[in-house]
Amino acid sequence: MSQFPDGPLPRNIRDDVWLACRVSHLWDLYYADVIPGYPIDAHFGPRARRRFGSIRARGRTCLILVNGLFAHPDVPDYVVDATLVHELAHYVHGYGSGTRRLHANPHQGGVVDREMELRGCLFLEDRAAAWRRRHWSAHYAIHASDVVARRARRQADRDAAWAAILAQAGWRPIEEVRALLATTAPAFGLTEPPFEVEWLLPSSRKSGLSYRFAGEGVVRMHALLAHPAVPREVVLYELAYWLAAARAGPRWRDIEGAIAAAGLSRPARAAIGWRRSVWPAFRREQFPVTARRARAPMAPAA
């Protein structure tokens with residue numbers, strides 16, 4: 001039996017037999033006109049924060065996994081049903097079913113919602129979404145507290161590793177980047193920078209050189225841009241891009257024009273060339289960031 005941090009799940013917990021019955025019932029109710037492909041094998045899978053379900057072919061069987069936290073009786077049946085009818089829409093579109101795929105992308109243009117609306121089951125997703133907005137965060141925090149704690153420990157380890165790396169001699173301090181921002185802003189007609197700048201301490205999934213997240217007055221620069229082998233014009237270009245966007249708007253043509261008007265076209269071209277030819281391999285070479293690597297200085301790239 002699955003375990004939650006506070007002990008075994010209640011005896012009335014949903015199991016894979018219950019889940020198979022729900023799949024059969026929902027198929028008969030909403031998808032009975034479809035000629036089936038591979039037989040469906042449904043299971044409760046890992047506990048996840050954002051993924052509620054998945055579908056794939058395993059051999060000549062269709063495997064549907066439902067978030068393991070949905071097995072808990074505090075989650076309404078209709079939340080599980082909404083996930084299942086969503087995955088069954090993928091199934092009839094040829095994903096995991098062994099039949100011809102009807103769409104190049106499984107969510108292309110809202111095809112899943114349209115399929116569910118056509119079959120009269122989209123209301124389940126509407127109800128489930130309302131429940132998730134009100135209750136999902138608390139449910140996840142209670143019943144996946146061990147996952148949350150592990151994630152926090154991993155993040156703390158990554159942060160400590162990055163702090164050790166950034167403290168190495170020769171690495172570009174954030175104060176240098178802030179000073180560069182302050183001296184570059186007037187070239188864009190700005191008396192002072194419209195944002196702060198901080199290092200982003202990324203996981204290997206964050207591959208961009210800089211980010212400005214909605215609602216934040218901060219540009220976050222990938223911490224590897226502090227590496228002594230990264231040319232100064234690369235850092236300058238990242239700052240110039242966001243300054244131009246603040247001044248001229250988000251369209252690339254306007255950003256490009258603002259950079260040219262600021263007299264930064266030449267370093268921008270050099271930086272864009274470096275981004276394309278060097279950055280991908282450079283970034284892969286430096287990951288993963290671990291405590292072990294933090295103890296030894298990282299050699300500049302050749």
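Taking a 6.0 Å sphere around CZ of Arg154, one finds it holds more than 12 heavy atoms contributed by other residues, nucleotides or ligands. Other residues, nucleotides and ligands place more than 12 heavy atoms under 6.0 Å from the CD atom of Gln155. Heavy atoms of other residues, nucleotides or ligands lying less than 6.0 angstrom from CD of Glu175 number more than 12.
Nearest heavy-atom pair across Pro106 and Val112 is O-CG2, 3.4 Å. Residues Arg101 and Gly94 approach most closely at CG-O, 3.3 Å, considering heavy atoms. Arg127 and Tyr78 make their closest contact through NH2-CE2, 3.1 Å (heavy atoms, listed as atom of the first residue, atom of the second, distance). Nearest heavy-atom pair, Arg47 versus Ala144, reported as atom, atom and distance to 0.1 Å: NH1-CA, 3.8 Å.
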Report task. Could you go through the side chain to side chain contact (heavy atoms under 4.5 Å, CB included) check for Tyr30 and Leu88 one step at a time? Result -> CA-CA 9 Å; Tyr30 299 113; Leu88 289 174; over 6 Å; no

Report task. Go through the steps for Val218 and Phe213 under the test side chain to side chain contact (heavy atoms under 4.5 Å, CB included), then give the verdict. Result -> CA-CA 8 Å; Val218 180; Phe213 298 109; over 6 Å; no

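Ion pairing between Asp146 and Arg150 holds under the 4.0 Å rule for side-chain N and carboxylate O.
Between His72 and His139, the ring-plane angle classifies as perpendicular under the 30° and 60° cut-offs. Ring pair Trp27/Tyr31 is parallel by interplanar angle, where below 30° counts as parallel and above 60° as perpendicular.
Note that CG of Asp41 is 6.0 Å distant from CG of Leu63, once rounded to the nearest 0.5 Å. Distance CE/Met116 to CG/Asp126: 8.0 Å, rounded to 0.5 Å.
Sorted by first and then second residue, the salt bridge (Lys or Arg N to Asp or Glu O under 4.0 Å) pairs with a member in residues 81-95 read Arg22-Asp81; sequence neighbours excluded.
Between Phe44 and Asp16, the closest side-chain pair of non-hydrogen atoms falls below 4.5 Å. You'll find the side chain of Val23 stays beyond 4.5 Å of the side chain of Leu26, heavy atoms only.
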Name every donor-acceptor pair, under 3.5 Å, that has one atom in a side chain of residues 256-281 and the other anywhere in the protein, sequence neighbours excluded.
unit_1 : atom_1 : unit_2 : atom_2 : d
Arg275 : NH1    : Glu238 : OE2    : 2.5
Ser277 : OG     : Gly273 : O      : 2.8
Trp279 : NE1    : Ser207 : O      : 2.8

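In summary, the side chains of His86 and His107 do present a donor paired with an acceptor at a separation below 3.5 Å, with no hydrogens or angles considered.
When the side chains of ILVMFWY residues are joined at heavy-atom separations under 4.5 Å, either directly or via intervening members, Trp171 and Met221 end up in a single hydrophobic cluster. Leu200 and Leu224 are members of different hydrophobic clusters when ILVMFWY side chains are connected at heavy-atom separations under 4.5 Å.
You'll find the ring centres of Phe188 and Trp242 outside the 6.0 Å limit.
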